[in-house]
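Here the structure is laid out as structure tokens; the discussion comes afterwards.
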Amino acid sequence: MTTRKATATRDSLFRGLLSRASVVILVALLAACAHAPRNPLATWVPSPNHDIRRPVLIVLHFTDQHSVQQSLHTLRTANSGGPVSAHYLIGADGHIYQLVSDQLRAWHAGPGHWGTITDLNSASIGIELDNDGHSAFAPAQIDSLLRLLTDLTERLHIPRTQIIGHQDLAPTRRDDPGPLFPWPQLADAGFGRWPQGVLVDPPAGFDPWMALAVVGYPLDDRPAAVRAFHNHFRGIGGDELDAQDLRILYNLVQQIESTSNGD
Ligand SMILES: [Zn+2]
């Protein structure tokens, strides 16, 4: 009796393990399907030659909040406009928090475009900097940002020039990371698009609006685009282009053209 009972117990234990294993396999299959949906219009002929899609741009923000704890809460819940998130948040003390995997789409950019990219959340990594929008950025925070930019550009093969501010892609809606953000310090470390060499006047016929569009700025609202450009490249306000703006734009466009020509 004891032996039969023991055998029966072993059998039911074995069946239990088998059914648990089936559930695990089924869940794994469902998860695989959920991550890689197949198109019912097509015959599935899988190729092993693929990897995960990668972002091509990094967007920098300031949190415009009072503390990193408040931002950690907001970026896992919602702000007044609805649910929001970012891949990273860097505290004023330089601590780096990650909230969303690099491979997933965080909700930080919202509507806008940069060059021909229209779905910024799909194309980018979002980095929030704990800053109230009116204060200088802490040196420890910028040091951590530079370390993170080095990691992301190397590991994800994002071009080092492809680092912009939230305002650049959405000049009518946003003003971050603002005129106090140290773009020149990023440029010194080799990040972002920045004027190089001696600035000269552009030739006659130079079209600054075409140049702003070539750099990436949306021109739906031209004064807003100039405000974004001023914040980023000169740390000043104002929505009218002046002679120095034209020199900077001419320099930037020449850099972009020489890159695309393979020089
Ligand atoms: Zn932002």
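Note that ligands are numbered from 1 as they come in the structure, with each ligand's atoms numbered from 1 the same way. Here the structure is a predicted model, which is why all the values come from computation and not from measurement.
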- Message: Looking only at N, O or S atoms in H166, which is nearest to the Zn ion (ligand 1)?
- Response: ND1

- Task: For the Zn ion (ligand 1), find the closest N/O/S atom belonging to H61 and write down its atom name.
- Result: ND1

- Task: Please state whether the separation between the Zn ion (ligand 1) and some N/O/S atom of H108 is under 2.8 Å?
- Result: no

- Below 2.8 Å, any N, O or S contact between D176 and the Zn ion (ligand 1)? yes

- Message: Is the shortest side-chain heavy-atom distance between D168 and F233 below 4.5 Å?
- Response: no

- Query: Within a strict 4.5 Å, meaning less than it, do heavy atoms of the M210 and V253 side chains meet?
  - Reply: no

- Polar side-chain atom of H108 near backbone of V84 as donor-acceptor pair, under 3.5 Å: no

- Query: Side-chain donor-acceptor pair under 3.5 Å between H230 and D245, yes or no?
  - Reply: yes

